[in-house]
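Written out below as structure tokens is the structure these notes cover.
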Amino acid sequence: MADCLFCSIAAGDIPADIVLSNDHVIAFRDIAPQAPVHVLVIPKEHHANVGELANQAPQTAAHVLQAAKEVAEAQGIGDGYRLVFNTGADAGQTVFHVHAHVLGKRDLTWPPG
Ligand code: AMP
């Protein structure tokens, strides 16, 4: 999709610190990490948010979740990590290409701030 930052990263047009890539998804380190491990998992195809992804491409949603698990295990946080899908501007979503935040390697408090 034109003018989508994460489509440009998925296409390789904008560099990122990629930790996993397969036919369906890529995962890269967040540029402003909120935890020692903070990786974003995105589908290569464009969907605005996780609700649209689930409706439009449920199999791709499963690929995102599987990749998040793989990333967590590869980053040494398989025993405890947080997955966050900010959905909509009111929830703090700033990039409207669905992405799972994989967060860990520190105490994660609840409720989230
Ligand atoms: P959200 O606020 O849930 O939409 O999350 C968007 C995330 O993308 C934020 O945590 C940003 O720090 C991150 N981000 C923005 N630009 C980049 C980039 N070029 N490379 C990696 N992460 C980015």
Side-chain angles (χ1 to χ4, degrees):
M1 191 188 202
D3 297 329
C4 171
L5 172 64
F6 286 177
C7 283
S8 297
I9 289 176
D13 295 335
I14 291 178
D17 185 357
I18 293 170
V19 300
L20 178 151
S21 178
N22 63 33
D23 288 346
H24 308 286
V25 307
I26 67 167
F28 51 94
R29 294 191 193 283
D30 196 291
I31 204 168
Q34 302 301 310
V37 173
H38 188 174
V39 172
L40 303 176
V41 181
I42 69 167
K44 289 185 170 175
E45 63 190 35
H46 185 89
H47 300 275
N49 60 51
V50 70
E52 291 195 6
L53 176 65
N55 279 343
Q56 295 165 356
Q59 190 58 47
T60 304
H63 289 305
V64 170
L65 297 177
Q66 287 160 354
K69 179 177 188 293
E70 283 179 40
V71 165
E73 289 173 348
Q75 298 294 319
I77 56 169
D79 288 340
Y81 59 95
R82 186 165 291 165
L83 278 191
V84 175
F85 290 91
N86 292 326
T87 306
D90 286 354
Q93 187 176 3
T94 58
V95 179
F96 291 87
H97 179 131
V98 60
H99 48 281
H101 296 257
V102 183
L103 296 149
K105 238 172 206 169
R106 71 163 167 80
D107 286 341
L108 295 166
T109 56
W110 195 263

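This chain uses plain numbering: 1 for the first residue, then up along the sequence. Atoms within each ligand, like the ligands themselves, are counted from 1 in listed order.
Looking at ligand 1, you won't find any N or O of Gln93 less than 3.5 Å from one of its N or O atoms. Checked by distance only, ligand 1 and Asn86 come closer than 3.5 Å through their nitrogen or oxygen atoms. Of the N or O atoms in Ile31, one or more lie within a sub-3.5 Å distance of an N or O in ligand 1.
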* Asked: Can you check side-chain contact (heavy atoms from CB on, under 4.5 Å) on Asn49 and Asn86, steps first, answer last?
  -> CA-CA 8 Å; Asn49 60 51; Asn86 292 326; over 6 Å; no
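Here is the list of ligand 1 atoms found below 4.0 Å of a heavy atom in Ala32: 12 (O). When each atom of ligand 1 is checked for a heavy atom of Arg29 under 4.0 Å away, the hits are 21 (C).
Looking at Phe96 against ligand 1, nothing comes within 4.0 Å, counting heavy atoms. When heavy-atom distances to ligand 1 are checked against a 4.0 Å cut-off, Leu5 comes that close only through its side chain, counted from C-beta outward. Contacts of Leu40 with ligand 1, taken as heavy-atom pairs under 4.0 Å, involve the side chain alone.
Of all protein heavy atoms, the one lying nearest to atom 13 (C) of ligand 1 is Asp30 OD2, 3.3 Å. Of the protein's non-hydrogen atoms, Thr94 N, 2.7 Å is the one closest to atom 4 (O) of ligand 1.
By the 4.0 Å heavy-atom criterion, Phe6 is counted among the residues contacting ligand 1. Put simply, part of Gly92 is less than 4.0 Å from ligand 1, judged by heavy atoms. Put simply, part of His99 is less than 4.0 Å from ligand 1, judged by heavy atoms.
Note on ring orientation: taking the six-membered ring where Trp is involved, the planes of His101 and His38 are tilted (angle from 30° to 60°).
Arg82 contributes a side-chain N or O that, together with a main-chain N or O of Thr109, makes up a donor-acceptor pair within less than 3.5 Å. With Gln93 contributing its side chain and Ala48 its backbone, the two residues share a donor-acceptor pair below 3.5 Å.
Checked against Phe6 for a ring pair (Phe, Tyr, Trp, His ring centres under 6.0 Å), the options His99, His47, His46 give a single hit: His99.
For the atom pair CZ of Phe28 and CD1 of Ile9, the computed distance is 4.0 Å after rounding to the nearest 0.5 Å. Note that the OG1 atom of Thr60 and the CD atom of Glu45 stand 4.0 Å from one another [nearest 0.5 Å].
In Asp79, the CG atom is not crowded: 12 or fewer heavy atoms of neighbouring residues, nucleotides or ligands sit closer than 6.0 Å.
Shown here for Val102 and Tyr81, the closest heavy-atom pair between the two residues is CG1-CD1, 4.1 Å.
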